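Below is one structure; the comments refer to it alone.
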Amino acid sequence: YQDQHQGLIDRNGTVVLKPAYGEVRLQNDGTIQVRAKNEWSFLEGDNKLIRQYKADGVRPMSAAHYVIVTAGKLQLTNNDFKPLHEDFFSSLSQFDHGKALYRKSSRTGVITTQGRVIIPPQYRQLEIDRDGCRACLDTGGKNRWIILDESGKRLTEKNYEYIAPFNGKFYHKDKAQYSNNT
């Protein structure tokens with residue numbers, strides 16, 4: 001992969017195919033199969049062409065956003081297909097109150113409709129709650145939950161095995177609690 005295009009190199013690092021394809025497959029018989037990126041056409045109601053765009057997939061996200069799929073990665077764009085964030089994600093949820101969860105490098109973060117990262121992708125799991133998030137830290141394979149405010153600042157001093165969603169008055173936590181040092 002290079003710039004979201006696929007190519008092919010051999011064991012010695014010699015470029016066999018420059019990264020210019022939507023997909024490259026090696027067949028069992030040793031042959032190489034390539035596929036160009038798909039070309040998406042956007043039409044008006046009377047079939048008049050508005051624009052074309054090359055990508056593996058295009059998914060409407062909202063009235064003002066698209067998700068472009070390239071080489072299995074997702075990028076958030078505006079309606080003119082201008083990226084709102086330079087990174088590509090492995091997943092991106094629907095926007096809820098102007099915020100969406102995204103995954104990158106097996107970690108979850110929060111991004112706004114303007115493409116601004118509120119919470120960097122550093123948590124195993126995130127759940128958006130009213131004015132903040134419940135976040136699961138990755139600490140030696142064990143779940144350690146904390147509460148973050150809407151800007152990503154940590155609010156809880158301790159880590160917990162689990163924190164239930166906000167019920168309007170409280171967050172219910174599991175009985176076992178752990179200090180920040182464990």
Side-chain angles (χ1 to χ4, degrees), residues 1-6 19 37 40 42 53-182:
Y1 292 93
Q2 185 175 30
D3 298 323
Q4 302 305 311
H5 292 88
Q6 290 186 12
K37 286 187 178 182
W40 294 81
F42 293 81
Y53 194 82
K54 289 189 176 188
D56 295 335
V58 176
R59 186 176 83 201
M61 186 76 161
S62 72
H65 301 91
Y66 284 102
V67 171
I68 303 300
V69 182
T70 306
K73 298 293 182 182
L74 311 174
Q75 188 171 41
L76 179 63
T77 71
N78 63 18
N79 281 345
D80 293 323
F81 299 108
K82 302 281 188 242
L84 296 176
H85 194 274
E86 67 277 357
D87 282 340
F88 287 81
F89 309 126
S90 54
S91 70
L92 184 63
S93 72
Q94 292 294 322
F95 285 107
D96 184 20
H97 295 91
K99 297 181 240 174
L101 297 172
Y102 71 95
R103 289 197 54 87
K104 181 180 177 190
S105 302
S106 300
R107 298 289 179 256
T108 305
V110 176
I111 192 167
T112 67
T113 54
Q114 295 81 27
R116 185 174 60 87
V117 170
I118 297 174
I119 300 175
Q122 59 192 20
Y123 298 99
R124 179 189 299 172
Q125 186 178 346
L126 271 174
E127 301 291 334
I128 296 176
D129 268 340
R130 296 205 181 163
D131 296 326
C133 292
R134 292 175 295 124
C136 184
L137 301 167
D138 194 9
T139 54
K142 295 180 180 180
N143 288 337
R144 298 294 183 251
W145 288 84
I146 60 173
I147 298 174
L148 307 173
D149 70 10
E150 61 184 14
S151 68
K153 181 183 171 197
R154 185 177 176 150
L155 296 177
T156 53
E157 292 180 21
K158 297 181 180 187
N159 304 333
Y160 299 93
E161 286 180 8
Y162 180 72
I163 299 174
F166 187 69
N167 68 9
K169 190 171 182 179
F170 299 107
Y171 284 97
H172 181 267
K173 63 175 181 54
D174 198 336
K175 288 182 182 177
Q177 64 185 31
Y178 298 87
S179 72
N180 291 334
N181 297 327
T182 56

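The first residue of the sequence shown is numbered 1, and numbering continues consecutively from there. Computation of the quantities below employed the complete heavy-atom set of this structure, encompassing side-chain atoms and omitting hydrogens, waters and symmetry-equivalent molecules. Given the structure is predicted, the values throughout are model-derived calculations rather than measurements.
- Thr108 places no side-chain N or O within 3.5 Å of a backbone atom of Leu126 that could act as its donor or acceptor partner.
- Thr156 places a side-chain N or O within 3.5 Å of a backbone atom of Ile147 that can act as its donor or acceptor partner.
- When atom types are taken as modelled, the side chain of Gln122 and the backbone of Arg107 share no donor-acceptor pair closer than 3.5 angstrom.
- Between Ile68 and Phe81, the closest heavy-atom pair is CD1-CD2, 3.4 Å.
- Looking at every heavy atom in both residues, Ile146 comes nearest to Lys158 through CG2-O, 4.0 Å.
- Pairing each heavy atom of Ser90 with each of Lys104, the nearest pair is OG-N, 4.0 Å.
- Across every non-hydrogen atom of Ala135 and Leu148, the tightest pair is CB-CD1, 3.8 Å.
- Shown here are the side-chain contact (heavy atoms from CB on, under 4.5 Å) partners of Ile118, two or more places apart in sequence or in another chain: Lys99, Val110, Thr112, Arg116.
- The ring pair (Phe, Tyr, Trp, His ring centres under 6.0 Å) contacts involving residues 101-137 comprise Phe89-Tyr102, where partners must be two or more places apart or lie in separate chains.
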* To do: Evaluate the side-chain contact (heavy atoms from CB on, under 4.5 Å) criterion for residues Ile111 and Leu92: first the C-alpha distance (whole Å), next the side-chain angles of each, then the deciding distance (0.1 Å), finally the verdict.
  => CA-CA 9 Å; Ile111 192 167; Leu92 184 63; 3.9 Å; yes
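- In this structure, the side chains of Ile163 and Glu127 stay at 4.5 Å or more apart for every pair of heavy atoms.
- Side-chain atoms of His65 come within 3.5 Å of backbone atoms of Thr113 as a donor-acceptor pair (strictly under, hydrogens ignored).
- For Trp145 (side chain) and Arg134 (main-chain N/O), no donor-acceptor pair under 3.5 Å exists by modelled atom type.
- The two atoms that bring Leu74 and Ser91 nearest to each other are CD1-CA, 3.5 Å, heavy atoms only.
- Under the side-chain hydrogen bond (donor to acceptor under 3.5 Å, both in side chains) rule, Asn159 has a single partner from Arg154, Arg144, Lys142, which is Arg154.
- Between Phe42 and Tyr66, the ring planes lie perpendicular to each other; the angle is over 60°, past the 30° to 60° tilted range.
- Judged by distance alone, the side chain of Asn79 and the main-chain N or O of Ala63 form a donor-acceptor pair under 3.5 Å.
- Remark: the backbone N or O of Lys82 is not paired with any side-chain donor or acceptor of Asp80 at under 3.5 angstrom.
- Distance check: Asp56 CG to Lys73 NZ gives 13.0 Å after rounding to the nearest 0.5 Å.
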* **CA sep, side-chain torsions, deciding dist, call: Gln75, Thr70, side-chain contact (heavy atoms from CB on, under 4.5 Å)** => CA-CA 8 Å; Gln75 188 171 41; Thr70 306; over 6 Å; no
